[in-house]
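One structure is given below, encoded as structure tokens.
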There are 2 protein chains.
Amino acid sequence: MKKLINAPENVLADALRGIELAHPELRVDHTNRVIYRATPKDHGTVGLISGGGSGHEPLHGGFVGFGMLDAACAGEVFTSPTPDQMQAATTEVDRGAGVLHIVKNYTGDVMNFEMAAELAAMEGGIEVRSIVVNDDVAVEDSLYTAGRRGVGLTVLLEKIVGAAAEQGRSLDEVAAVADLVNEAGRSMGMALTSCTVPSAGKPTFDLPDDEMEIGIGIHGEPGRRRVPLASAKEIAEQLVEPILADLDLGSAPGIVMLNGMGGTPLIELYVMYGEVAAILEKHGITVARSLVGNYITSLDMAGCSVTVLRANDELLSLWDAPVETPGLRWGQ
Amino acid sequence: MKKLINAPENVLADALRGIELAHPELRVDHTNRVIYRATPKDHGTVGLISGGGSGHEPLHGGFVGFGMLDAACAGEVFTSPTPDQMQAATTEVDRGAGVLHIVKNYTGDVMNFEMAAELAAMEGGIEVRSIVVNDDVAVEDSLYTAGRRGVGLTVLLEKIVGAAAEQGRSLDEVAAVADLVNEAGRSMGMALTSCTVPSAGKPTFDLPDDEMEIGIGIHGEPGRRRVPLASAKEIAEQLVEPILADLDLGSAPGIVMLNGMGGTPLIELYVMYGEVAAILEKHGITVARSLVGNYITSLDMAGCSVTVLRANDELLSLWDAPVETPGLRWGQ
């Protein structure tokens, strides 16, 4: 295993130290392993929390900041954070208007966030709502989920819902935006190589030099099928067509993300984006906004995923609202 | 070779198409392979051009935009662009106040930018100045250079000089800022793995599972030495100490970049940044600003580099000025 780490058991603690040092606009609670904004939102606004296993950076900690999350709970690599962490974060970010939990649909995450929500309600009287993101069209049920997995759409949802919360909308309204995004977005990913979990010390799975895995999950869990290595154009078809088979855009514009899995360089992501955009154009779909880069990764896995969100004026306006986080940043 | 591409000979053309589709704020001249701002700067401002071999994305095309470059010339992977490309770009971005060429110190780049400058002066009457970035402390002379290689400092220089040009400073003043940055910045990199050039189809070099290369160049060219794989802390020492041995910061604050080589995930870059920051603190150096991420890459190489720039109020103010490019973006 070749990694820039000290010891497998210290990866998360060491990374949190680096995040804190690199980003004075964030505050890290090292005991609870929660990343907060250094300057909290105003009283009366809805708090937004996400979290999950580490190894998907910049998600979620890199999306804490103005216009996105208030806090992110970091679990060990590919391991759900605990209810304690989530409860601490929920209590900390509550500004009297309630808290929304943004949860990727994995059994451990869902269970722990549910427990944290109950604890925060019981012990702190905090109103908590949850959105369970389940956008992955690759599989119905999977190794770690009942129902579809939550993957790339989480990035878009955190941005859009973050903008809604920043505007001071109520918990009901913010949760409704989250539901709308979750309903209107789909993703699918693929891998050229496995990732290597530090504590395992070896690749999660073997993938021959002439094969790739279509429909892979963000922890290296199996996807739809293994197929021979193909061109960027063919890969784009294998990712986009299943999304469009499941998501009717009608004449609506799309927000599209071409996401790298962590080990794929940007030049290849742009090659892929060109192919994805060409397919969408062939289907008569207008891409209103796009993102190309590493936003929800799987450690050092080589590969990519495509996310398509059916947008409308409201969602585009929230998308365009200013955001200042380490992982996503733009002005007006 | 496992890559998200169509054919090795089409990688650059395909990536340029993706860049154009993903970034409506940029304009791509596909014939000359030059990336421009869609909206040119005002008349009377100095034009800023860079360029070089592809495979280092987001450098340089991803740094075209408000507050940074006016144009980037893209060569084939790891191959200098031609004087023709550079001349076309120089002519296009000249707003009557002259043009600065930002050149990484590689023999081919230097020669071709020199030729382009002469052609632009002779045929277009355009005043052209050049800055040859040579920040790599790893080697004196190298496989592809006379003198030190130009590496990570190029990113910081394009940002800072871009801000100076945006303010409407004269060519002399802008070139002076470039000289100052080049004088005050140093870098050093390392690799855990080789990169694979698409047209070669196999790794540029072999690196055993238990070894790493210290002082590597951004094309996979040899560095100082091969050593046994070490911890993040030890790697940080092997990168930072040679920089500090060569660059006297005195009591000046530093602008520090921890850069990924393309195949290393962000979680590891944060682990590395924590170690780099700790060493700098031990030396009594204040880190005034920092960047952690993939900014100047070597295709899919796993590894990282450290850049330290001795700053002052003037450089910090230019650093903090707004920038809106695909690769670097912040407001005020």
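A/L16 CG to B/Y270 OH: the interatomic distance, rounded to the nearest 0.5 Å, is 11.0 Å. One distance of note links CG of A/L21 with CG of B/L258; it measures 11.5 Å at 0.5 Å rounding. In this structure, the separation between CD1 on A/I267 and OG on B/S54 is 5.0 Å, given to the nearest 0.5 Å. To the nearest 0.5 Å, atom NZ of residue A/K233 and atom CD1 of residue B/I5 are 15.5 Å apart. With rounding to the nearest 0.5 angstrom, the CE atom of A/M272 is 14.5 Å from the NZ atom of B/K3. For the atom pair CG (A/D210) and NZ (B/K2), the distance works out to 7.5 Å, reported to the nearest 0.5 Å.
Between the B/D300 side chain and the A/P265 main chain, no donor and acceptor come within less than 3.5 Å of each other.
Both the backbone and the side chain of B/T264 come within contact range of chain A, each with at least one heavy atom under 4.5 Å from a heavy atom of that chain. With a threshold of 4.5 angstrom between heavy atoms, B/E275 approaches chain A through its backbone and through its side chain. Contact annotation for A/L328: neither backbone nor side-chain heavy atoms come within less than 4.5 Å of a heavy atom of chain B. Contacts between A/P326 and chain B at a heavy-atom distance below 4.5 Å involve the side chain alone, from C-beta outward. Both the backbone and the side chain of B/A22 come within contact range of chain A, each with at least one heavy atom under 4.5 Å from a heavy atom of that chain. Looking at B/L299, the atoms closer than 4.5 Å to chain A (heavy atoms on both sides) sit in the backbone and in the side chain alike. Within the 4.5 angstrom heavy-atom criterion, only side-chain atoms of A/I235, from C-beta onward, approach chain B. Within the 4.5 angstrom heavy-atom criterion, only side-chain atoms of B/A278, from C-beta onward, approach chain A.
Interface summary for chain B: among A/L192, A/D14, A/L291, A/T193, the most heavy-atom pairs under 4.5 angstrom belong to A/L192. If you tally non-hydrogen atom pairs under 4.5 Å between each of A/E234, A/M261, A/E211 and chain B, the highest count goes to A/E211. Each of A/V77, A/I19, A/L269 has some count of heavy-atom pairs under 4.5 Å with chain B, and the biggest count is that of A/I19. For chain B, the option among A/V271, A/V276, A/V256 with the highest count of heavy-atom pairs below 4.5 Å is A/V271. Note: B/G274 leads B/A230, B/G303, B/S290, B/G274 in heavy-atom pairs under 4.5 Å with chain A.
At a heavy-atom cut-off of under 4.5 Å, chain A is reached by B/E57, B/P58 from residues 57-66 of chain B, listed in order of number.
Between A/N6 and B/A232, the shortest heavy-atom contact is OD1-N, 3.2 Å.
Within the 4.5 Å cutoff, no side-chain heavy atoms of B/L266 are placed close to those of A/N294. B/H23 places none of its side-chain heavy atoms less than 4.5 Å from the side chain of A/Y273. Side-chain contact check for A/M190 versus B/L4: some heavy-atom pair is nearer than 4.5 Å.
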Show which side-chain atoms of residues 280-287 of chain A pair as donor or acceptor with protein atoms under 3.5 Å away, not counting sequence neighbours.
{"residue": "A/H283", "atom": "NE2", "partner": "A/E241", "partner atom": "OE1", "Å": "3.2"}
{"residue": "A/H283", "atom": "NE2", "partner": "A/E241", "partner atom": "OE2", "Å": "3.0"}

